[in-house]
S.K.: 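Have a look at this one.
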Amino acid sequence: MTIMKSEIQARSIEDQTLPVCLADIERAAARIRDRVTRTPLVRSASLSRLTGQPVHLKLETHQPIGAFKLRGATNAIVALDQAARERGLVTASTGNHGRAVAYAAQMLGIPATICMSSLVPANKVEAIRALGADIRIVGVSQDDAQEEVDRLVADHGLTPIPPFDHVDIVAGQGTIGLEIVEDLPDLSTVLIPLSGGGLAAGIAVAVKALRPQARIIGISMERGAAMHASITAGRPVAVREEQTLADSLGGGIGLSNHVTFPICRALLDDIVLLTEDEIAGGIRHIAREENEVVEGAGAVGVGAILAGKVKLSGPTVAILSGSNIAPDVHRRIIEGDAA
């Protein structure tokens, strides 16, 4: 489909009371500085040539777990008191957040349980298992996995680490925005993979505070884009989770969402939805032209550029959010045999 002209009306961040502010993100940056990677921002010669505008790629693929999720998870876990840590951690995940929680928990010597649905790719499940976490595969959706989290919290007192709808998670992801503005002060547009909204909300708060004129565009897939459906409806709504190349963008935003939904509704300038072929095109281009391995969710910004679904008018950043794609799937896409 073409650009989804949503009813989002971005407003000045100073005019609103939002759940996360710039100071929260700055505190998160100090807290996680020695525990995560400050990832490179690199200019894409191919995309700059194609669009006639300077296009840069933020390589969150270079985090130790291959995804941005390490920022938010680390910030949230380090912020816990000792009693909460000793009870053990639990979370629901489509893969990358679970890996981030397992990695940070292992680093701090804390037990962790990761609940996932049967839709999570096997390579992501095995990467989490390798970090020593207890794994629960439950149901066929992120919502099913979250029900298991809620049960473990109620029955065993485990400490939940939400995948996105939490101020410390959002603040941790927002540190990406600080780095982008520092590295590219004349930033015009940021293209952000959009799922539950933790990444988009955090970056939007940081960028809009430091560079108010910059556009923040969320990019998702046509199959089960929960934040887009919720913003269109004016309230959090449930969507059916479907198989997609952008598997990390699957799942709902939670009907009681109180952090990411209000921020995304307030600060996103637009949302773009991609077909599976357009997502595959992003993966293929990044591999062939940028020499980077990126999963479907991480390729959506580039996919949107290639599909002509975003109009660029100045220095642009596409967030390459993760690299955790099954090797056989990546190979088929690169060879043009699958979308």
Side-chain angles (χ1 to χ4, degrees), residues 20 24-39 60-117 120-138 142 145-176 178-179 196 198-199 202 248 251 259 321-324:
V20 176
D24 296 321
I25 297 171
E26 291 172 335
R27 281 191 291 270
R31 188 180 287 140
I32 68 176
R33 181 172 292 118
D34 297 328
R35 300 177 186 274
V36 306
T37 299
R38 191 192 195 285
T39 56
E60 285 300 295
T61 50
H62 290 205
Q63 290 294 349
I65 64 161
F68 77 95
K69 288 282 192 175
L70 188 60
R71 296 173 183 262
T74 301
N75 187 49
I77 293 169
V78 171
L80 294 173
D81 61 29
Q82 189 60 32
R85 295 186 190 189
E86 289 176 355
R87 290 195 297 271
L89 311 177
V90 65
T91 193
S93 175
T94 55
N96 286 335
H97 175 68
R99 190 171 179 178
V101 170
Y103 183 95
Q106 184 186 65
M107 183 169 52
L108 294 168
I110 305 170
T113 299
I114 313 300
C115 302
M116 295 171 282
S117 82
V120 176
N123 66 300
K124 294 186 175 182
V125 175
E126 291 310 310
I128 294 169
R129 194 187 311 278
L131 290 168
D134 179 26
I135 292 175
R136 308 286 179 95
I137 304 297
V138 184
Q142 176 87 334
Q146 185 59 50
E147 287 182 9
E148 178 67 3
V149 170
D150 296 340
R151 186 189 70 79
L152 291 171
V153 171
D155 293 352
H156 301 285
L158 301 186
T159 300
I161 305 294
F164 51 85
D165 196 39
H166 188 284
V167 293
D168 289 331
I169 296 290
V170 172
Q173 321 304 26
T175 60
I176 297 172
L178 298 182
E179 293 174 12
L199 179 63
S248 292
V259 178
S321 57
S323 63
N324 299 316

S.K.: Can you give me every donor-acceptor pair (side chain of residues 149-157, partner residue at least two apart or in another chain, under 3.5 Å) with its distance?
M.R.:
{"from": "Asp150", "atom 1": "OD1", "to": "Gln146", "atom 2": "NE2", "distance (Å)": "3.0"}
{"from": "Arg151", "atom 1": "NE", "to": "Glu148", "atom 2": "OE1", "distance (Å)": "3.1"}
{"from": "Arg151", "atom 1": "NH1", "to": "Asp155", "atom 2": "OD2", "distance (Å)": "3.4"}
{"from": "Arg151", "atom 1": "NH2", "to": "Glu148", "atom 2": "OE2", "distance (Å)": "2.9"}

S.K.: Only distances under 3.5 Å count here; give the side-chain donor-acceptor pairs of residues 76-83 to other protein atoms, sequence neighbours excluded, each with its distance to 0.1 Å.
M.R.:
{"from": "Asp81", "atom 1": "OD1", "to": "Ala83", "atom 2": "N", "distance (Å)": "3.3"}
{"from": "Asp81", "atom 1": "OD1", "to": "Ala84", "atom 2": "N", "distance (Å)": "2.8"}
{"from": "Gln82", "atom 1": "NE2", "to": "Glu86", "atom 2": "OE2", "distance (Å)": "3.4"}

S.K.: For Ile169 and Phe164, which heavy atoms make the closest approach, and how far apart are they?
M.R.: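 Heavy-atom minimum between the residues: CG2-CA, 3.8 Å.
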S.K.: Please examine the side chains of Asn96 and Lys124, heavy atoms only from C-beta on, and report whether any two atoms are closer than 4.5 Å.
M.R.: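 Result yes, sub-4.5 Å side-chain heavy-atom pair found.
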S.K.: Has Thr39 got a side-chain atom pairing as donor or acceptor with His62's backbone, closer than 3.5 angstrom?
M.R.: no
S.K.: Can you name the side-chain hydrogen bond (donor to acceptor under 3.5 Å, both in side chains) partners of Gln63, sequence neighbours left out?
M.R.: Glu60
S.K.: Which residues pass the salt bridge (Lys or Arg N to Asp or Glu O under 4.0 Å) test with Asp24, not counting sequence neighbours?
M.R.: Arg27
S.K.: Run the side chain to side chain contact (heavy atoms under 4.5 Å, CB included) test against Pro111 and tell me which residues pass, sequence neighbours left out.
M.R.: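 Testing Pro111 for side chain to side chain contact (heavy atoms under 4.5 Å, CB included), a comparison that skips the adjacent residues, returns none.
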S.K.: Once side-chain hydrogen bond (donor to acceptor under 3.5 Å, both in side chains) is applied, do any residues pair with Arg31, and if so which ones, sequence neighbours excluded?
M.R.: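 Listed in chain order: Asn75.
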S.K.: According to side-chain hydrogen bond (donor to acceptor under 3.5 Å, both in side chains), who are the partners of Gln173, at least two apart in sequence or on a separate chain?
M.R.: none
S.K.: Compare every heavy atom of Leu70 with every heavy atom of Pro64, then report the nearest pair and how far apart it is.
M.R.: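 Taking Pro64 first and Leu70 second, the nearest heavy atoms are CD-CD2, 3.7 Å.
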S.K.: When you compare the side chain of Val90 with that of Cys115, does any pair of heavy atoms fall below 4.5 Å?
M.R.: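 Result yes, sub-4.5 Å side-chain heavy-atom pair found.
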S.K.: So which atom in Thr91 and which in Pro162 form the shortest heavy-atom distance, rounded to 0.1 Å?
M.R.: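 Taking every non-hydrogen atom into account, OG1-C, 4.2 Å.
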S.K.: Testing the basics here: between Gly66 and Asn324, what is the closest heavy-atom pair and its distance to 0.1 Å?
M.R.: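 Looking at all heavy atoms of both residues, the closest pair is O-ND2, 3.7 Å.
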S.K.: Can you measure from OG1 (Thr74) to CD1 (Ile161) and round to the nearest 0.5 angstrom?
M.R.: 10.5 Å
S.K.: If the condition is side chain to side chain contact (heavy atoms under 4.5 Å, CB included), which residues does Ser93 pass it with, not counting sequence neighbours?
M.R.: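 With sequence neighbours excluded, Ser93 shows a side chain to side chain contact (heavy atoms under 4.5 Å, CB included) to His97, Ile114, Met116, given in chain and number order.
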S.K.: Can you sort out the partners of Asp34 under side chain to side chain contact (heavy atoms under 4.5 Å, CB included), two or more places apart, ordered by chain and number?
M.R.: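 Per chain and number, Asp34 pairs via side chain to side chain contact (heavy atoms under 4.5 Å, CB included) with no residue.
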S.K.: Could you tell me which residues satisfy side chain to side chain contact (heavy atoms under 4.5 Å, CB included) with Ala29, sequence neighbours excluded, listed by chain and number?
M.R.: Thr175, Leu178
S.K.: Just verifying a value: how many Å separate Ile176 CD1 and Arg71 CZ, rounded to the nearest 0.5 Å?
M.R.: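 Between atom CD1 of Ile176 and atom CZ of Arg71 there are 4.5 Å.
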S.K.: Could you report the tightest heavy-atom contact between Gly88 and Ile110, atom names first, then the distance?
M.R.: CA-CG2, 4.4 Å
S.K.: Taking salt bridge (Lys or Arg N to Asp or Glu O under 4.0 Å) as the definition, give me every residue that meets it alongside Asp134, ordered by chain and number, with sequence neighbours left out.
M.R.: Arg136
S.K.: Can you sort out the partners of Arg99 under salt bridge (Lys or Arg N to Asp or Glu O under 4.0 Å), two or more places apart, ordered by chain and number?
M.R.: none
S.K.: Provide the closest heavy-atom pair for Val120 versus Gly95 in the form atom of the first, atom of the second, distance.
M.R.: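 Heavy-atom minimum between the residues: CG1-CA, 4.2 Å.
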